[in-house]
Amino acid sequence: MSDTTTLTSRSELYIAGAWSSDAERAWIEVENPATEQVIGRIPEATARDVDRAVDAAVALHKSGAWRDTTLADRADVLTEIAEGIDKRAADLQALYVTDQGGLSSFAGFTSATASMIFRDTARLASSLDLGPTKRDTPGGSVYISREPSGPVAAIAPWNAPLVLSAVKIAPALLAGCPVVLKISPETPLTLFVLAEVFSEAGLPDGLISFLPGGRDVGQYLISRPGISHISFTGSTAAGQQVMRTAAERMTRLTLELGGKSAALVLDDAEPHDFVASLTRGSVVQTGQVCTTQSRILVPNSREAEWIDALTAAFETLAVGDPSDPSTEVGPLVSQAQVDRVESYVTSARNDGATVLTGGGRPSGPGFDTGYWFLPTLLTNTGPEMRVYREEVFGPVIVIEGYDTLDDGIDAVNDTEFGLGNGIYSPDVDRALALAPRLDSGTVSINTTGACITAPFGGMKMSGFGREGGIEGIEAMLESKQIQLP
Ligand code: NAD
């Protein structure tokens, strides 16, 4: 494992094939959310950095030095990056705990998932045919080729930035597109390690750049001429702004946005079989996951049983130091997140909701500093309340009853979002038959989240386009028809 200070304090940015410093850059302080201690600082990218990164990506694309390589050669590069990530797994895991407040027991999963994404994208190269392929159609014979769409602006949020960046970078590179990645200022450190992995691979200048910065840096990046595709993950409000900007130049878009997903618990599901899975799913990354099923919908006939079981399970969750392997719920990422989460609970209380457990910040030893909020279960809410309708992005879950199965399905779909709903039942065939009736890009059965090496994304206000799997690579390709006389 590398020296901690070198990993948490950086003076240079990796842009277009080189590490560089610049006196004009401002500094971003990086905090440990469990302690509020400043653990280091990193430079913030300037507009000049964005220009350099985009110009280099455009020049590389024009030169053909990446675009014209074979899929097999590009797959080899991705495999090399996957191996580089594996070699740096210990550093990546330590930084996930210190700059995000992520659990050490979950950290291994995040670094392993990132390398798996690069490796699996490389594997998919053999199933892609970029053409040109002859196609006989009623209107004539044509050749169809699929070409890289061009430089990609990739924008990742602060939650699990390594994984959420990997799922943008790997498909774009395999498709033949250079990438300019905008890193969130809250949790930048793992992506500096990824930049080192890339810099050690000796790739063409302009293939990838890493630009830490806030919304202004992202906004400037996506408005730059030369960007052909914007791959954005973040809130729905920011996604709407990104879409408006993309409209100026008709830039292609993938939007992975917020959610307000539901777990539909069927009448044949027994609490003792599923309460552990529902509870774990509710508090993964302290609820800071886009697919968190923050509305648990149970049959009215069994509501009391479920309330008792889930309340008891939430109350026994171990909240505390994320570096302790026995901890089950760590801190939120920032004070702003604590304030946001608290405001949802306050407004729910004011509107008449019942707090079954949690509902505030923990107190006592270990909680004097840090961004804490207790796992919270609410009931007596409803579609008219903000906590039921809007994404909280914290460990705040509502449990409500439904009458008939049709009512339950209507309740799942009664939201402007459509990301990662779930169904809980011992009868998997029954659940599978219901999956098409849920309006979301992902439906999980007896679990939560999404498989990141298969297509995932949203419907409705949760965005459009798919990342992951062959579909994630195809999103970065343009089909071209070549017509013969
Ligand atoms: P955010 O929307 O505030 O920011 C996301 C990223 O976009 C950041 O890097 C930010 O600097 C940048 N950004 C914001 N406005 C921009 C603009 N106008 N132009 C360019 N860049 C801009 O979201 P956040 O708080 O960082 O992340 C949490 C949100 O992300 C939640 O809503 C969550 O649901 C969503 N999310 C979605 C998925 C998914 O796959 N659908 C995955 C993870 C997180």
Side-chain angles (χ1 to χ4, degrees), residues 28 44-45 47 50 100 102 110 113 117 153-168 180-188 191 210-224 227 230-248 251 253-261 284-294 332-341 344 390-394 415-421 440-442 448-452 454-468 472 475:
I28 297 170
E44 178 173 32
V50 175
Q100 177 159 339
T110 62
T113 302
I117 289 167
I155 300 194
W158 49 259
N159 66 320
L162 179 67
V163 169
L164 295 176
S165 300
V167 82
K168 298 182 180 307
V180 180
L181 176 73
K182 209 288 283 171
I183 302 175
S184 277
E186 294 89 346
T187 56
L191 292 170
F210 292 75
L211 304 175
R215 178 171 301 240
D216 292 350
V217 176
Q219 184 63 41
Y220 182 58
L221 168 63
I222 60 171
S223 59
R224 272 277 329 224
I227 294 297
I230 301 166
S231 177
F232 178 85
T233 300
S235 60
T236 294
Q240 289 173 310
Q241 179 57 45
V242 168
M243 197 167 169
R244 280 191 281 271
T245 305
E248 292 293 319
T251 314
L253 265 183
T254 307
L255 291 176
E256 299 283 353
L257 307 178
K260 189 73 199 179
S261 303
V284 173
Q285 273 195 168
T286 321
Q288 300 167 119
V289 176
C290 53
T291 49
T292 299
Q293 289 161 359
S294 51
L332 293 165
V333 79
S334 62
Q335 185 60 48
Q337 273 296 107
V338 177
D339 295 342
R340 174 190 165 92
V341 171
Y344 275 102
E390 297 176 16
E391 182 178 48
V392 176
F393 223 53
T415 162
E416 60 183 9
F417 296 105
L419 198 57
N421 294 314
S440 52
T442 301
T448 185
C451 169
I452 207 150
F456 70 91
M459 294 180 178
K460 303 193 280 186
M461 298 294 268
S462 294
F464 54 79
R466 293 292 177 264
E467 293 187 323

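Values below: every heavy atom of this structure, side chains too, minus hydrogens, waters and symmetry copies. All values reported here derive from a predicted model rather than from experimental measurement. In each ligand, atom 1 is the first atom listed, and ligand 1 is the first ligand listed.
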Checking heavy atoms under 4.0 Å, the part of Leu419 that sits near ligand 1 is side chain
Asn159 vs Val333 side-chain heavy atoms within contact, under 4.5 Å
no
Ligand 1 versus Val242: contacting region, heavy-atom distance under 4.0 Å
side chain
Over all atoms of both residues, closest heavy-atom pair of Leu164 and Pro157:
CD1-CG, 3.7 Å
From the candidates Arg340, Glu391, Lys182, the one that places a heavy atom nearest atom 9 (O) of ligand 1:
Lys182
To the nearest 0.5 Å, what is the distance between OG on Ser184 and CG on Leu191?
9.0 Å
Atom indices of ligand 1 within 4.0 angstrom of Gly214 heavy atoms, with elements
11 (O)
Here the pair of heavy atoms bringing Lys460 nearest to Glu416 is CB-O, 3.1 Å
Rounded distance (nearest 0.5 Å) linking atom CG of Leu181 with atom CG of Leu211:
7.5 Å
May I ask you to test the Phe393-Leu332 pair for a side-chain heavy-atom distance under 4.5 Å?
no
Can you list the atoms of ligand 1 that are under 4.0 Å from a heavy atom of Phe393?
28 (C), 31 (C), 33 (C), 34 (O)
Roughly how far, to the nearest 0.5 Å, is the CG atom of Asn421 from the OG1 atom of Thr448?
10.0 Å
Show me, pair by pair, the donor-acceptor contacts under 3.5 angstrom made by side chains of residues 237-247, not counting sequence neighbours?
unit_1 : atom_1 : unit_2 : atom_2 : d
Thr245 : OG1    : Gln219 : NE2    : 2.7
Thr245 : OG1    : Gln241 : O      : 3.1

Of all heavy-atom pairs linking Thr442 and Gly449, the shortest is CG2-O, 3.6 Å
Considering all heavy atoms of both residues, which atom of Val289 and which atom of Thr292 are nearest to each other, and what is their separation?
O-OG1, 2.9 Å
Taking atom 41 (N) of ligand 1 as the reference point, the nearest protein heavy atom with its distance
Leu257 O, 2.8 Å
Side-chain heavy-atom pair Thr251, Ile222 within 4.5 angstrom cut-off
no
List the closest protein heavy-atom neighbour of atom 22 (C) of ligand 1: residue, atom name, distance to the nearest 0.1 Å.
Phe232 CE1, 3.9 Å
In the protein, what heavy atom is nearest to atom 16 (C) of ligand 1, and what distance, to one decimal place, separates them?
Arg215 CG, 3.8 Å
Any Gly458 heavy atom less than 4.0 Å from ligand 1
no
One residue to check: Asn159. Relative to ligand 1, which of side chain, backbone, both or neither has a non-hydrogen atom less than 4.0 Å away?
side chain
Contact between Ala156 and ligand 1, counting heavy atoms under 4.0 Å?
yes
Atom indices of ligand 1 within 4.0 angstrom of Ser184 heavy atoms, with elements
8 (C), 9 (O)
Which ligand 1 atoms does Ala238 reach within 4.0 Å, using its non-hydrogen atoms?
2 (O), 14 (C), 15 (N)
Give the residue, atom name and distance (to 0.1 Å) of the protein heavy atom nearest atom 17 (C) of ligand 1.
Gln219 OE1, 3.4 Å
Of all the atoms in ligand 1, which lie at a distance below 4.0 Å from a heavy atom belonging to Gly218?
19 (N), 20 (C), 21 (N)
What part of Val217 sits under 4.0 Å from ligand 1 if we count only heavy atoms: the side chain, the backbone, both or neither?
neither
Give yes if a backbone or side-chain nitrogen or oxygen of Cys290 is under 3.5 Å from a nitrogen or oxygen of ligand 1, and no if not.
no
Got the closest protein heavy atom to atom 23 (O) of ligand 1, with its distance?
Ser235 N, 3.5 Å
Atom 24 (P) of ligand 1 has as its nearest protein heavy atom Trp158 NE1, 3.5 Å
Atom of Ala45, atom of Val217 and distance for their closest heavy-atom approach
O-CG2, 3.6 Å
Minimum-distance protein heavy atom relative to atom 27 (O) of ligand 1
Pro157 CB, 3.3 Å
Counting heavy atoms only, name the option from Ala154, Gly234, Ser462, Gly457 that's nearest to atom 4 (O) of ligand 1.
Gly234
Just to be sure I read this right, does ligand 1 sit under 4.0 Å from the backbone of Leu221, its side chain, both, or neither, counting only heavy atoms?
neither
Which atom names give the shortest non-hydrogen contact between Gln285 and Ala160, and what distance separates them?
OE1-CB, 3.7 Å
Protein residue, atom and distance nearest to atom 12 (C) of ligand 1, heavy-atom basis:
Ile155 CG2, 3.7 Å
Rounded distance (nearest 0.5 Å) linking atom CD1 of Ile230 with atom OG1 of Thr254
9.5 Å
Any chance the side chains of Ser231 and Lys168 put a donor and an acceptor closer than 3.5 Å?
yes
Number the atoms of ligand 1 from 1 as they appear, then name those within less than 4.0 Å of a heavy atom of Thr233, with their elements.
5 (C), 6 (C), 36 (N), 37 (C), 38 (C), 39 (C), 42 (C), 43 (C), 44 (C)
Can you list the atoms of ligand 1 that are under 4.0 Å from a heavy atom of Gln241?
18 (N)
